[in-house]
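All ligand and atom numbering here is 1-based and tracks the order in the structure. Note that these values count all heavy atoms, side chains included, but never hydrogens, waters or copies made by symmetry. Nothing here was measured: the structure is a model prediction, and the numbers come from that model. Counting begins at 1 with the first residue of the sequence.
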Amino acid sequence: MTQNLLKLDFGAALPEGGSVPRNGSEWDALEEALRDADGWLRSDANRRRDGFGWLDLPQADLAEVIEAGQWLAAFDAVIQVGIGGSALGSLMVANALLHPCHNELSRSERGPRLYVADNADPAGTRALWEMVDPSRTALVVVSKSGSTAETMANFLWLWENLKKVLGEERALKQLLVVTDPEKGLLRAFVAEKKCRSLPLPSTVGGRYSVLSAVGLAASAALGVDVTDLQAGARAMDEVLLGAGTMEENPAWLLAGLHWLHFLRGRNMTVLMPYADGLRDFTEWFAQLWGESLGKEGKGSTPLRALGAVDQHSQVQLYTAGPDDKLFTIIDVADRGERLILPSPSDASLAPLAYLGGQEMGAMLQAEARATAATLASLGRPVLWLEIPRLDAFRLGGLVYLYEVVTALTGRLLSVDPFDQPGVEQGKRFTYGLMGRKGFEEEGRKSTEAFARIESRTVSC
Ligand SMILES: O=P(O)(O)OC[C@H]1O[C@](O)(CO)[C@@H](O)[C@@H]1O
């Protein structure tokens with residue numbers, strides 16, 4: 001039974017551009033491997049293991065999250081402090097479902113403005129603080145580990161300033177902490193201060209946490225129907241559970257095609273939605289894909305693109321550069337918004353008559369089709385992923401789909417899609433360079449390694 005979640009056209013993404021090979025072929029072997037990978041992902045043995053907890057989020061009770069969202073909605077502004085998986089999810093949901101204008105922070109007619117402090121850049125943090133009225137602002141600090149330096153730096157500075165303006169007692173009433181239910185520095189802070197908190201289940205990894213309080217609390221405050229978002233993920237899960245071939249199962253298909261193109265040297269994947277609202281979906285995907293699969297020298301590079309914007313920036317490379325990419329063009333069939341273009345009234349603009357009477361969204365869709373057709377005509381592997389409209393239900397489905405695709409692809413690559421050991425060295429070097437006690441050796445090693453970089457210089 002279709003759930004009207006999406007349509008995925010893959011005719012031009014089959015290796016060698018041919019039909020689906022059968023009978024003991026590479027495709028059959030791959031399908032078998034995907035069946036195993038799916039079994040591994042959904043096995044009872046793994047279900048409670050670290051990293052697998054996101055599979056349960058579509059069924060989770062959202063009462064606490066919705067209550068927190070209602071509490072946050074009473075403020076004029078919500079500052080979410082977090083980085084990576086502790087920020088990208090909220091940004092993606094808010095920018096997809098509310099005012100999808102990629103040059104401005106999310107806001108909704110009804111709810112508060114959402115500000116996301118997701119970098120330790122003093123200019124950004126100061127500017128953000130100066131945009132809000134502290135007495136009408138809630139601070140939401142999100143960190144699974146509770147110790148990420150950038151998040152803690154922003155939290156310390158914003159929390160101390162909030163306390164300075166409001167006094168601790170009142171400031172505590174405007175604070176929400178989202179972190180591990182048992183461990184970590186922030187959990188200790190909650191215990192000490194008895195402030196509001198929501199758990200990020202310990203079996204859920206940061207980049208797989210958008211359908212938890214991490215992505216949903218602020219989204220709910222802005223008026224996003226988080227119940228519908230979750231229902232979309234559940235509907236996608238039902239589709240995937242009921243589909244036992246690559247042609248029926250969009251997760252197996254996407255994971256399988258990425259694998260087949262890896263083997264053929266295409267280790268970059270371009271996600272190019274033709275909708276401003278999905279710009280941050282590509283940012284969210286980039287962390288999910290890159291941090292899950294980039295291991296042991298394997299993995300594929302996620303390239304963020306936005307249609308039609310990157311037609312005027314990257315498409316030259318996509319059409320005439322190296323044939324090392326798999327493309328996914330995402331289109332939204334019904335954009336809701338309609339802008340009919342006027343016929344030019346100025347004589348000098350007469351050559352634009354072809355635009356007159358056109359609907360801008362139809363033009364954007366024509367551009368999406370034209371880009372996909374161009375790539376296909378050049379033999380570049382391209383997928384066409386179409387969602388009926390960009391609403392909470394479809395976004396929930398898309399999010400869950402890509403989480404499953406990423407986990408299955410990790411299994412095919414024989415890497416652990418749920419850890420990220422490669423990020424730790426940089427953090428230790430940072431602590432060393434900042435003079436953190438116990439990291440002296442890391443500081444020395446980092447300075448030594450950096451000396452190689454600055455051993456040769458040209459400056460002007
Ligand atoms: O939620 P935390 O623990 O602050 O981590 C933030 C992000 O940093 C990382 O650990 C990478 O350094 C990501 O995996 C994670 O999403």
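- In this comparison of E150, Q420, K144, K427, the heavy atom closest to atom 8 (O) of ligand 1 sits on K427.
- Closest approach of T371 and V315 over heavy atoms only: CG2-CG2, 4.3 Å.
- In this structure, CZ on R389 lies 13.5 Å from CG on L395, to the nearest 0.5 angstrom.
- Residue Q287 has at least one heavy-atom neighbour below 4.0 Å for each of these atoms of ligand 1: 13 (C), 14 (O), 15 (C), 16 (O).
- Distance from atom 16 (O) of ligand 1 to its nearest protein heavy atom, with residue and atom name: G85 N, 2.8 Å.
- Between L41 and L55, the closest heavy-atom pair is O-CD1, 3.4 Å.
- Not a single N or O atom of V423, backbone or side chain, sits closer than 3.5 Å to an N or O atom of ligand 1.
- Proximity to S145 (heavy-atom distance under 4.0 Å) selects the following atoms of ligand 1: 2 (P), 3 (O), 4 (O).
- In this structure, W129 has its ring center at least 6.0 angstrom away from the ring center of Y115.
- Using modelled atom types and a 3.5 Å distance limit, the side chains of Y208 and T406 yield no donor-acceptor pair.
- Close approach of ligand 1 to S143 is summarised as follows: ligand atoms under 4.0 Å from at least one heavy atom of the residue are 1 (O), 2 (P), 3 (O), 4 (O).
- If you number the atoms of ligand 1 from 1 as listed, the ones under 4.0 Å from a heavy atom of E291 come out as 11 (C), 13 (C), 14 (O).
- Here I83 has heavy atoms under 4.0 Å from ligand 1 in both its backbone and its side chain.
- Geometrically, ligand 1 and T148 share a nitrogen or oxygen pair separated by less than 3.5 Å.
- Taken from CZ in R411 to CG in D38, the straight-line distance is 11.5 Å, to the nearest 0.5 Å.
- You'll find the ring centres of Y402 and F281 inside the 6.0 Å limit.
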